[in-house]
Structure formats: structure tokens, C-alpha cells
Visitor: 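Let me begin by handing over the structure; questions about it come next.
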Amino acid sequence: MTNSQKAKKYGKSAGSSKRAGATAAPAPRRGQHVHEMPNGALKAEPAKASSASIVVGAVLVIGLAIWAYYHSVVLPGFSERAAGGMGVPELQFGGFDQPYIAQFSQALGDTGLGDYTGVHATTGLFAPLLFALGLLLFFGLNTAKRAVKWLFWLVALAYALVFVLGNRALEAAVASPDDTALVSSASGLVFTRWALLAAVIVVALIVNIMVVRRKLNDFAQGKLPGQKPHD
């Protein structure tokens with residue numbers, strides 16, 4: 001039956017149904033390329049930046065808390081329990097000499113030396129590593145210039161490395177207190193550890209100042225989240 005015959009019998013809509021069905025469906029909308037996006041479309045969302053700051057802050061606080069616990073609770077407690085109250089060598093900020101290590105070794109004895117190694121292998125290992133990890137994340141998040149960021153990272157990494165190597169050197173020196181080379185090496189690493197800690201504190205203060213200045217600048221320009229831009 002022709003279209004004209006169908007139209008007479010069923011109406012005009014029947015004759016045009018075939019043509020309407022043959023009409024091609026519209027092509028799907030093409031995705032937008034990166035170079036076609038308007039300015040600011042790829043800008044980081046404030047919520048994501050805030051989440052990163054929270055994670056970094058949590059890691060830094062945990063690392064700092066373990067560091068403080070190790071130096072203020074674990075080491076003094078070990079000193080009272082295993083060394084008769086004699087201070088541990090790593091708390092001697094300016095280093096120590098051979099008679100001091102010999103006296104400390106005698107106070108520990110064989111059993112105490114094993115416990116001393118155990119302290120270094122647990123809390124004494126986690127404290128510098130977590131503390132340094134928090135510093136790396138904090139410096140990386142809040143330092144814009146790559147060269148400056150790497151310089152700050154090196155300070156944090158050097159502190160963690162010297163801390164761990166210093167613990168190993170202390171164990172060797174306490175085990176062989178008559179070896180002047182071992183004692184001098186351990187003393188030098190302990191002194192370097194505290195010097196690097198001072199450097200870490202200075203760097204952390206610099207980064208905090210940079211953050212405050214950046215926030216004040218963003219506030220002055222109306223760039224803070226929820227703030228209306230100034231005309």
C-alpha cells in the first residue's frame with residue numbers, strides 16, 4: 001500500500017510515520033577538551049585543599065606527639081628502670097665523653113643493653129620517622145617554590161637519618177665503651193641530631209610565617225573560601 005493510500009485509509013499521520021522514524025537521532029554531545037575550558041575551571045576546590053591540610057596536620061601532630069612521648073616518658077623511664085637513674089646519652093645535648101659511656105654501660109649491664117636496643121627498635125624508630133613524615137608533608141603542602149621545598153625536605157630527612165644512625169652508634173658505643181672511635185662517633189651524631197632539630201624548628205617557623213603571609217594576602221584580595229572578591 002502506498003503512502004497516499006495509507007493516508008486516505010488511516011489519516012495523514014500514517015503516511016508520515018515512516019519518514020519520521022527514518023529521521024536520524026541527534027549526535028551525542030562532544031566532550032569538552034582541557035584547552036577549551038574557561039579560565040579557572042581547573043582550579044583546585046577549597047574543600048579538597050582543606051581536606052589535605054587536615055590530613056597533613058593530623059600526621060604532623062601524631063609524629064610530634066610520639067616524638068615528645070619518646071623523649072619525655074620512654075627515655076627517662078628507661079633511665080630510672082635500667083640505669084639506676086643515670087641519664088641516657090641521647091639526652092646529652094652537647095655530646096658526652098668516654099667515662100660517661102663507660103659508666104652508663106656498667107649501670108645497664110647485659111640485660112639493660114638488650115632493653116636499650118629494644119627501645120631504639122620500637123619507639124625510638126617510629127618517633128623520628130613519623131615526625132619527619134609529618135614535616136615532609138607540611139613543608140610540601142605549604143612551600144610553593146620547588147628549590148626551597150627540596151631544601152626544607154633535606155633538613156627533615158637529614159634529621160631522621162642522623163637520629164636512626166645515632167641510635168645504632170649509641171648501641172655500639174655502649175656495648176664497647178673502651179672503643180674511643182665508637183664513642184666519639186656516637187657523641188658527634190647525638191650533637192648533630194640536636195643541631196638538626198634546631199634547624200627543623202627554624203624551618204617550621206619560616207613555613208608558618210609563609211602560610212600566614214599568604215593567608216593575609218589572599219584575605220586582602222578576597223580570595224579566601226566564602227569571601228567575595230574585592231572590586
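Only this structure's heavy atoms are used, side chains among them; waters, hydrogens and symmetry mates stay out.
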Visitor: What's the spacing between Asp97 CG and Gln103 CD if we round to 0.5 Å?
Guide: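 That separation rounds to 10.0 Å.
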Visitor: Can you list the steps and then say if Phe131 with Ile66 is a side-chain contact (heavy atoms from CB on, under 4.5 Å)?
Guide: CA-CA 8 Å; Phe131 182 50; Ile66 294 178; over 6 Å; no
Visitor: Are the side chains of Pro128 and Val164 in contact, using a 4.5 Å heavy-atom criterion?
Guide: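 Side chain of Val164 against side chain of Pro128, heavy atoms only: contact under 4.5 Å found.
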Visitor: Hey, what do you get for CD (Gln98) to CG (Leu182), rounding to the nearest 0.5 Å?
Guide: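 CG of Leu182 is found 10.0 Å from CD of Gln98.
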Visitor: How would you list, by chain and number, every residue that makes a side-chain contact (heavy atoms from CB on, under 4.5 Å) with Ala156, sequence neighbours excluded?
Guide: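 Checked Ala156 against side-chain contact (heavy atoms from CB on, under 4.5 Å); matches are Leu135, Leu136, Phe139.
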Visitor: Quick check for you: to the nearest 0.5 Å, what is the distance between Leu91 atom CG and Ser72 atom OG?
Guide: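 These two atoms lie 10.0 Å from each other.
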Visitor: What I'd like to find out is whether the side chain of Glu90 reaches to under 4.5 Å of the side chain of His120, using heavy atoms alone.
Guide: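 They are in side-chain contact.
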Visitor: Compare every heavy atom of Ala83 with every heavy atom of Ala107, then report the nearest pair and how far apart it is.
Guide: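 Shortest heavy-atom separation between Ala107 and Ala83 comes out as CB-O, 3.7 Å.
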Visitor: In chain order, what residues pass the side-chain contact (heavy atoms from CB on, under 4.5 Å) check against Ala82, with sequence neighbours excluded?
Guide: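 Partners of Ala82 by the side-chain contact (heavy atoms from CB on, under 4.5 Å) criterion, ordered by chain and then number, come out as Phe78, Leu108.
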Visitor: Is a side-chain donor or acceptor of Ser184 paired with a backbone partner of Thr180 at a separation under 3.5 angstrom?
Guide: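 Between the backbone of Thr180 and the side chain of Ser184 there is a qualifying donor-acceptor contact (under 3.5 Å).
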Visitor: Could you note down all residue pairs passing side chain to side chain donor-acceptor pair (under 3.5 Å) where residues 132-148 supplies at least one of them, sequence neighbours left out?
Guide: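 Sorted result for residues 132-148: empty, none.
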Visitor: Are Leu133 and Trp150 linked, directly or through intermediate hydrophobic residues, by side-chain heavy-atom contacts shorter than 4.5 Å (ILVMFWY only)?
Guide: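 Linked, Trp150 and Leu133 end up in one cluster.
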Visitor: Trp194 vs Leu197, test: side-chain contact (heavy atoms from CB on, under 4.5 Å). Steps then yes/no.
Guide: CA-CA 5 Å; Trp194 290 105; Leu197 178 63; 3.4 Å; yes
Visitor: Per the salt bridge (Lys or Arg N to Asp or Glu O under 4.0 Å) rule, what does the pair list look like for residues 158-185, sequence neighbours excluded?
Guide: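 Pairs touching residues 158-185 that pass the test: Arg168-Glu171.
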Visitor: Determine whether Ile206 and Val211 fall in the same hydrophobic cluster, where Ile, Leu, Val, Met, Phe, Trp and Tyr are linked whenever their side-chain heavy atoms lie under 4.5 Å apart.
Guide: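 Yes, one cluster joins them.
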Visitor: Using the rule that Ile, Leu, Val, Met, Phe, Trp and Tyr join whenever any side-chain heavy atoms are under 4.5 Å apart, tell me whether Val61 and Ile54 fall into a single cluster.
Guide: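 Looking at the clustering, Ile54 is in a separate group from Val61.
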Visitor: Nearest 0.5 Å please: distance from the CZ atom of Phe163 over to the CG atom of Leu125.
Guide: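 Output value for this atom pair is 9.5 Å.
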Visitor: Looking at every heavy atom in both Val190 and Pro89, which two are closest together, and how far apart are they?
Guide: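 In terms of heavy atoms, the two residues are closest at CG1-O, 3.8 Å.
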Visitor: Shortest non-hydrogen contact from Val183 to Pro177?
Guide: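 For Val183 versus Pro177, the nearest heavy atoms are CG2-O, 3.7 Å.
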Visitor: Counting C-beta onward and ignoring hydrogens, is there a side-chain heavy-atom pair between Thr111 and Asp115 closer than 4.5 Å?
Guide: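 In contact.
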Visitor: How would you list, by chain and number, every residue that makes a side-chain contact (heavy atoms from CB on, under 4.5 Å) with Gln92, sequence neighbours excluded?
Guide: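 Scan of Gln92 (side-chain contact (heavy atoms from CB on, under 4.5 Å), adjacent residues dropped) gives Phe96, Tyr100.
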Visitor: Hey, quick one: are Leu189 and Phe93 part of the same hydrophobic cluster, counting side-chain heavy atoms closer than 4.5 Å, chains of contacts allowed?
Guide: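 Cluster IDs for Leu189 and Phe93 match.
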Visitor: Could you tell me the separation between the CG atom of Leu161 and the CG atom of Leu154, rounded to the nearest 0.5 Å?
Guide: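 CG of Leu154 is found 11.5 Å from CG of Leu161.
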Visitor: Same cluster or not: Val155 versus Leu205, using hydrophobic residues (I, L, V, M, F, W, Y) connected whenever any side-chain heavy atoms lie under 4.5 Å apart?
Guide: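 Linked, Val155 and Leu205 end up in one cluster.
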Visitor: Quick check, are the ring centers of Phe104 and Tyr116 under 6.0 angstrom apart?
Guide: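 Yes: the rings meet the under 6.0 Å criterion.
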Visitor: Do the side chain of Ser79 and the main chain of Leu75 share a donor and acceptor less than 3.5 angstrom apart?
Guide: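 Not at all, since once roles are kept as given, no pair shorter than 3.5 Å links the two residues.
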Visitor: Assess the side chains of Arg193 and Asn167: does a donor N or O sit below 3.5 Å from an acceptor N or O?
Guide: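 Indeed, the side chains of Arg193 and Asn167 share at least one donor-acceptor pair under 3.5 Å.
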Visitor: Testing the basics here: between Gly95 and Ser187, what is the closest heavy-atom pair and its distance to 0.1 Å?
Guide: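 Minimum heavy-atom separation between Gly95 and Ser187: CA-OG, 3.3 Å.
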Visitor: With the side chain counted from C-beta on, respond yes when Val174 and Leu113 share a heavy-atom pair under 4.5 Å apart, and no when they do not.
Guide: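 They are in side-chain contact.
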Visitor: Atom CD in Glu80, atom CE in Met86: separation rounded to 0.5 Å?
Guide: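 Atom-to-atom, Glu80:CD and Met86:CE are 12.5 Å apart.
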Visitor: Given the rule in the side-chain contact (heavy atoms from CB on, under 4.5 Å) test, do Val55 and Ser51 qualify, once you have shown the distances and angles that lead to the verdict?
Guide: CA-CA 6 Å; Val55 172; Ser51 299; 5.6 Å; no
Visitor: Quick one: side-chain contact (heavy atoms from CB on, under 4.5 Å) partners of Leu196, sequence neighbours excluded?
Guide: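 With neighbours one apart ignored, the set is Ala158, Tyr159, Val162, Thr192.
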